[in-house]
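What follows is a set of notes on a single structure, which appears directly below.
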Number of protein chains: 4
Amino acid sequence: MAKLGFIGLGNMGGPMAANLVKAGHQVTVFDLSAEALKQLEAHGAVAADNVSDVCAGADFVISMLPASKHVRMIYTGEDGLINYLEKSTLVIDCSTIDAESAQFVGNTLAQAGIAFVDAPVSGGVAGAAAGTLTFIVGGSDADFNKAQTVLNDMGKNIFHAGAVGAGQVAKICNNMLLSILMAGTSEALQMGVDHGLDPKVLSEIMLNSSGRNWTLELYNPCPDVLENVPSSNGYKPGFMVDLMAKDLGLAMQAAQQTNSATPMGALAKNLYNLMQNQGSGSEDFSAIFKLYSQKQ
Amino acid sequence: MAKLGFIGLGNMGGPMAANLVKAGHQVTVFDLSAEALKQLEAHGAVAADNVSDVCAGADFVISMLPASKHVRMIYTGEDGLINYLEKSTLVIDCSTIDAESAQFVGNTLAQAGIAFVDAPVSGGVAGAAAGTLTFIVGGSDADFNKAQTVLNDMGKNIFHAGAVGAGQVAKICNNMLLSILMAGTSEALQMGVDHGLDPKVLSEIMLNSSGRNWTLELYNPCPDVLENVPSSNGYKPGFMVDLMAKDLGLAMQAAQQTNSATPMGALAKNLYNLMQNQGSGSEDFSAIFKLYSQKQ
Amino acid sequence: MAKLGFIGLGNMGGPMAANLVKAGHQVTVFDLSAEALKQLEAHGAVAADNVSDVCAGADFVISMLPASKHVRMIYTGEDGLINYLEKSTLVIDCSTIDAESAQFVGNTLAQAGIAFVDAPVSGGVAGAAAGTLTFIVGGSDADFNKAQTVLNDMGKNIFHAGAVGAGQVAKICNNMLLSILMAGTSEALQMGVDHGLDPKVLSEIMLNSSGRNWTLELYNPCPDVLENVPSSNGYKPGFMVDLMAKDLGLAMQAAQQTNSATPMGALAKNLYNLMQNQGSGSEDFSAIFKLYSQKQ
Amino acid sequence: MAKLGFIGLGNMGGPMAANLVKAGHQVTVFDLSAEALKQLEAHGAVAADNVSDVCAGADFVISMLPASKHVRMIYTGEDGLINYLEKSTLVIDCSTIDAESAQFVGNTLAQAGIAFVDAPVSGGVAGAAAGTLTFIVGGSDADFNKAQTVLNDMGKNIFHAGAVGAGQVAKICNNMLLSILMAGTSEALQMGVDHGLDPKVLSEIMLNSSGRNWTLELYNPCPDVLENVPSSNGYKPGFMVDLMAKDLGLAMQAAQQTNSATPMGALAKNLYNLMQNQGSGSEDFSAIFKLYSQKQ
């Protein structure tokens with residue numbers, strides 16, 4: 001069993017850290033919220049009152065933070081972890097941030113002789129609690145193999161996307177495509193409904209044809225086609241419109257970085273911005289279906 | 001075994017009629033091309049030199065024609081089949097045309113007491129020859145059940161989309177969604193490649209994530225990710241850009257008819273129009289990938 | 001002064017016919033509404049109780065009808081004007097319809113030896129009453145010159161776009177571009193406002209730069225930048241969203257006819273469809289600005 | 001006459017500095033290119049071999065640099081001007097950069113008691129040489145008034161957009177709208193041409209209607225409608241596709257910053273990216289017209 005430091009005990013980080021404790025690791029945790037620290041102590045973690053204690057003797061330091069600026073600050077900012085990390089430690093950042101920031105932090109740590117992988121997750125709060133998250137990892141083969149030993153205690157599928165930053169790129173490519181599938185499936189279903197078709201029948205037909213996709217099969221945006229999906233539950237999230245809009249912002253940043261053309265992704269992003277303008281930011285992202293349905 | 005009339009012996013209709021003969025039906029065929037007629041005679045069909053002979057005593061009359069105007073003309077035009085069809089005959093039109101035309105022909109025949117179903121296909125020339133086509137049928141339950149008895153001899157999957165015209169609507173919804181999947185998958189893959197990711201690795205990751213869709217799995221637009229797909233064979237069709245553009249035109253017509261919003265489908269249509277402008281009309285529709293890849 | 005027949009006495013046709021009477025022409029009018037007929041009689045027109053009386057001895061027959069199907073029916077339908085028109089009469093259709101229908105009616109009349117021009121208008125009800133409409137005419141040079149003699153009594157600017165149908169094409173190209181200017185100006189202004197700029201100052205700057213356009217100068221969609229425009233009057237029309245959506249539908253039909261790529265126009269059309277979905281169909285088309293403004 | 005420091009003597013900065021010398025100011029210039037320095041000496045400027053000499057006793061320090069990173073570095077980077085500028089100096093940055101960077105540099109200098117305005121230009125190399133540039137200024141009223149005294153010697157129109165950063169925002173809003181006007185005008189004209197209309201006639205009609213805009217009037221993208229525009233000269237720039245794509249990147253960044261919806265601007269950006277993919281990056285931005293015209 002390994003000695004771990006864990007930083008960031010929010011909705012995702014909390015249960016992830018708890019699973020690491022449950023797996024038998026020795027986990028030292030840090031968060032600005034005393035409440036969050038208490039909860040993890042209850043699970044058997046050691047609460048640190050400063051980041052240096054998190055680093056001391058750690059085989060791995062794992063972080064789960066809200067945005068790029070937090071990741072840049074905590075590792076490379078003034079009094080950042082870079083001053084305390086040991087050369088034997090592997091840093092695993094599970095935050096979803098822009099690829100450039102992941103590369104910046106990774107390179108800065110590398111210059112100090114410290115190994116780093118970016119490992120953004122998908123699977124949401126439920127997956128974090130169940131330990132069934134998907135991790136998409138960017139880093140060297142050696143670091144990837146080493147990281148797997150702990151990631152396996154928090155998730156089910158672990159992919160190696162490429163070098164440092166590639167995890168963030170792969171996740172953002174996937175989520176941009178997801179938004180396109182969701183918007184496209186919504187307008188195809190609504191157009192059928194507008195012509196008097198039964199959305200269950202049309203979904204069944206397209207599932208058995210070339211229109212098949214993840215949203216149609218597992219996350220149908222039309223109410224009452226599938227049970228136990230947000231669209232059949234008043235679009236309660238699930239994955240919020242605001243979070244999809246945030247990921248699409250990261251996708252547009254990534255496209256900007258390489259001057260890539262993404263007309264479909266850019267349109268999907270703006271449709272999600274229009275939903276936010278209408279005050280639907282905290283609904284599930286499948287609520288884009290409502291944008292297409294005509295007021296009677 | 002049934003007595004059948006078959007009209008339209010092109011790339012699709014020819015092998016479809018041949019499969020009906022092979023299944024043991026008595027098939028009378030009609031086409032403007034003497035060559036096409038000779039071929040079907042060789043298969044054991046009876047060649048008619050006028051449309052009335054096709055109708056005489058037929059249990060089913062099946063048509064496979066290029067566009068709406070041909071279907072309207074042959075059934076309801078001057079000296080059209082409506083003048084020769086018997087009340088016991090079920091008309092099955094397998095052409096891909098606009099829903100309005102299918103409804104017009106269906107209603108006009110209904111007023112003359114003749115039953116009609118629209119049954120557009122997918123599966124292409126290969127599926128027509130192999131008898132593995134998918135049929136999406138619009139018509140009454142009784143007519144659908146009756147139609148299945150012969151459609152089964154030409155295809156594998158037979159779906160009942162709803163009333164007359166619903167077959168065309170369902171097919172066009174599916175193909176509009178397909179074009180969105182193809183464009184979206186292309187730009188997600190290219191953005192990954194622009195960031196140095198391996199398209200095989202990125203495809204594998206997205207196939208196991210929420211980006212999974214039919215094009216990514218079976219028709220990957222990025223060369224050399226899959227074998228035996230057009231992208232790995234110089235984008236030789238397969239399903240031509242011109243045909244996708246035609247189907248997207250029908251989709252926009254359908255959206256117009258019900259005033260449905262289809263921003264993603266409209267953008268995909270226009271990206272395919274841009275490809276046509278560049279002279280790529282006869283390449284496979286997965287060649288939209290090239291629109292995204294940057295000239296070195 | 002000429003002998004005129006006028007068909008279609010709605011919000012536009014009524015005042016147009018009245019101006020022709022005022023100009024001293026001898027005008028015989030027809031409409032299905034007895035009320036509309038009475039009003040024109042009050043202005044000094046002769047009310048006909050059938051279309052044949054409208055044609056008898058007319059130098060010009062002018063029509064102003066809601067949609068393509070009415071124009072096709074009244075001229076070339078059963079018992080249509082084609083049966084009553086004299087070879088010396090010039091037909092002027094001022095309805096806004098699809099170019100194909102205008103060409104169909106024009107060609108059908110031509111085969112009967114009757115001259116036809118399409119002459120769609122812009123300028124709205126106010127322009128119709130004031131006699132300041134703009135006419136965009138499609139037809140031969142001779143017919144255009146002849147038509148001008150009466151169009152001058154209803155409008156101020158008369159343009160010759162080309163052959164029969166070209167009037168409709170030119171109007172629809174202009175209105176498609178107008179919708180793009182309106183949507184683009186709205187999002188540029190709102191982005192500035194989101195960054196704390198004063199929309200009056202930003203409008204002034206763009207009016208003196210390369211962003212200058214008709215909507216920014218005369219029809220600013222941001223409230224209280226200009227006086228006496230719909231945006232400063234609760235978006236009361238003006239030109240309704242539903243009418244812009246109808247014209248954009250005609251534009252998409254025209255694009256379809258020639259397989260023209262219109263990505264920006266198609267997106268603008270769909271943004272207007274989204275507004276209709278939200279129940280804004282009867283607001284002024286500049287209300288698209290509200291689609292961009294963020295709910296507080 | 002004032003004592004000026006000028007940094008950045010490229011295609012734009014060179015002639016701008018020369019005009020300041022011509023106006024009688026005492027100008028000390030700095031650039032990394034010895035060649036550029038020699039040219040300005042020939043005009044009568046004093047060449048500095050380090051940035052501190054540029055600051056010494058300067059009433060104004062003006063900079064014209066390629067991108068945000070250069071502006072951030074030269075003012076606030078290690079050994080940046082912030083260490084040498086006097087409190088009496090007004091800094092005028094004429095570079096086109098993202099608003100966030102302009103605000104960062106402005107605020108950082110403000111904390112050191114140094115006044116700053118952002119003053120991006122439009123008008124191109126020709127305008128720089130002729131001294132007819134347009135400046136869009138962000139800063140306090142006092143600083144704006146002071147800046148005008150020297151900006152007048154380089155330009156003709158000087159606008160005050162708002163606080164620091166507002167100049168960048170206003171310019172980017174204008175250029176985003178410009179790209180929409182250009183793309184929209186191109187597709188409206190091409191659709192008319194596809195229907196057989198004469199682009200000169202259609203342009204004339206739309207110029208007198210609600211489609212009127214700057215591109216249609218002064219920069220028509222269809223060859224041979226206007227003389228002396230890039231479209232009539234093989235699309236030789238003019239304003240390059242690559243520069244429009246860069247400005248649209250800044251516009252998307254600005255939209256991201258405020259979460260503004262810009263569907264039309266995002267589509268225009270991606271159409272320009274597609275042109276770059278086809279190797280048209282160094283053509284004039286009106287060459288987007290070619291994207292719409294159909295290969296024969």
Side-chain angles (χ1 to χ4, degrees), chain A residues 99 122 134 136 157 159-163 165-166 169-170 173-178 180-181 183-185 187-192 194-198 201-202 204-206 208-216 218-219 251 254-255 257-265 267-268 271 291-292 294, chain B residues 99 122 134 136 157 159-163 165-166 169-170 173-178 180-181 183-185 187-192 194-198 201-202 204-206 208-216 218-219 251 254-255 257-265 267-268 271 291-292 294:
Chain A
S122 67
T134 294
I136 308 179
N157 302 309
F159 297 104
H160 189 194
V169 171
C173 287
N174 180 78
N175 283 17
M176 181 177 78
L177 181 51
L178 169 59
I180 293 168
L181 303 183
T185 298
E187 67 186 56
L189 286 172
Q190 182 61 50
M191 184 164 87
D194 292 341
H195 280 269
L197 271 65
D198 176 335
V201 172
L202 180 54
E204 181 62 16
I205 291 172
M206 296 197 295
N208 288 278
S209 308
S210 48
R212 187 175 78 247
N213 69 83
W214 185 90
T215 66
L216 187 66
L218 300 175
Y219 213 100
Q257 200 185 339
T258 47
N259 205 31
S260 304
T262 60
M264 304 291 285
L267 178 53
L271 293 173
L291 209 57
Y292 296 107
Q294 301 175 20
Chain B
S122 67
T134 294
I136 308 179
N157 302 308
F159 297 104
H160 188 194
V169 171
C173 287
N174 181 78
N175 284 16
M176 181 177 78
L177 180 51
L178 169 60
I180 294 167
L181 303 183
T185 298
E187 68 188 53
L189 286 173
Q190 182 62 51
M191 184 164 86
D194 292 341
H195 280 269
L197 272 64
D198 175 336
V201 172
L202 179 55
E204 180 64 16
I205 291 172
M206 296 197 295
N208 288 278
S209 309
S210 47
R212 187 177 77 247
N213 69 82
W214 185 90
T215 65
L216 187 66
L218 301 175
Y219 212 101
Q257 201 185 340
T258 47
N259 205 30
S260 305
T262 59
M264 304 289 286
L267 178 53
L271 293 173
L291 209 56
Y292 297 107
Q294 301 174 21

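Note on naming: letters A, B, ... go to the chains in the order of the sequence lines (proteins, then strands), and numbering restarts at 1 for each one.
Closest heavy-atom contact between A268(A) and I180(A): CB-CG1, 4.3 Å. Heavy-atom minimum distance, Y292(A) versus M264(B): OH-CG, 4.1 Å.
Among the candidates S210(A), A261(A), C173(A), the residue making the largest number of heavy-atom pairs closer than 4.5 Å to chain B is S210(A). Most heavy-atom pairs under 4.5 Å with chain A, from the set M206(B), E204(B), Q257(B): that is M206(B). Note: S209(B) leads A166(B), A183(B), S209(B) in heavy-atom pairs under 4.5 Å with chain A. Chain B forms more heavy-atom pairs under 4.5 Å with one residue of L177(A), N213(A), N174(A) than with any other, namely N174(A). In terms of non-hydrogen atom pairs under 4.5 Å with chain A, the most contact-rich of G162(B), A251(B), G265(B), A254(B) is A254(B). Put simply, of G196(B), G165(B), G184(B), A99(B), the one with the most heavy-atom pairs under 4.5 Å next to chain A is G184(B). Chain A forms the most heavy-atom pairs under 4.5 Å with one residue out of D194(B), N175(B), T185(B), and that residue is D194(B).
Only the side chain of L271(B) comes within contact range of chain A, judged by heavy atoms closer than 4.5 Å. Neither the backbone nor the side chain of L189(A) comes within contact range of chain B; no heavy atom of the residue lies under 4.5 Å from a heavy atom of that chain. Within the 4.5 angstrom heavy-atom criterion, no atom of L291(B) approaches chain A. Within the 4.5 angstrom heavy-atom criterion, only side-chain atoms of M176(B), from C-beta onward, approach chain A. In this structure, no portion of A163(A) lies under 4.5 Å from any heavy atom of chain B. Interface remark: S122(A) contributes no atoms to any contact with chain B (heavy atom separation under 4.5 Å).
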Quiz item: Step by step, would you call W214(A) with L178(A) a side-chain contact (heavy atoms from CB on, under 4.5 Å)?
Solution: CA-CA 8 Å; W214(A) 185 90; L178(A) 169 59; 3.8 Å; yes
Practice problem: Quick one: do L181(A) and R212(B) satisfy side-chain contact (heavy atoms from CB on, under 4.5 Å)? Show the steps, please. | Solution: CA-CA 9 Å; L181(A) 303 183; R212(B) 187 177 77 247; over 6 Å; no
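Side-chain contact check for N208(B) and T134(A): no donor-acceptor pair (N or O, by modelled atom type) lies under 3.5 Å. S260(A) and T262(A) are not linked by any side-chain donor-acceptor pair at a separation below 3.5 angstrom, with hydrogens and angles left out of the test.
For H195(B), there are no ring pair (Phe, Tyr, Trp, His ring centres under 6.0 Å) partners, not counting sequence neighbours. Applying the side-chain contact (heavy atoms from CB on, under 4.5 Å) rule to A170(A) yields the partners I136(A), A161(A), L197(B), L202(B), I205(B); only residues at least two apart in sequence or on another chain are considered.
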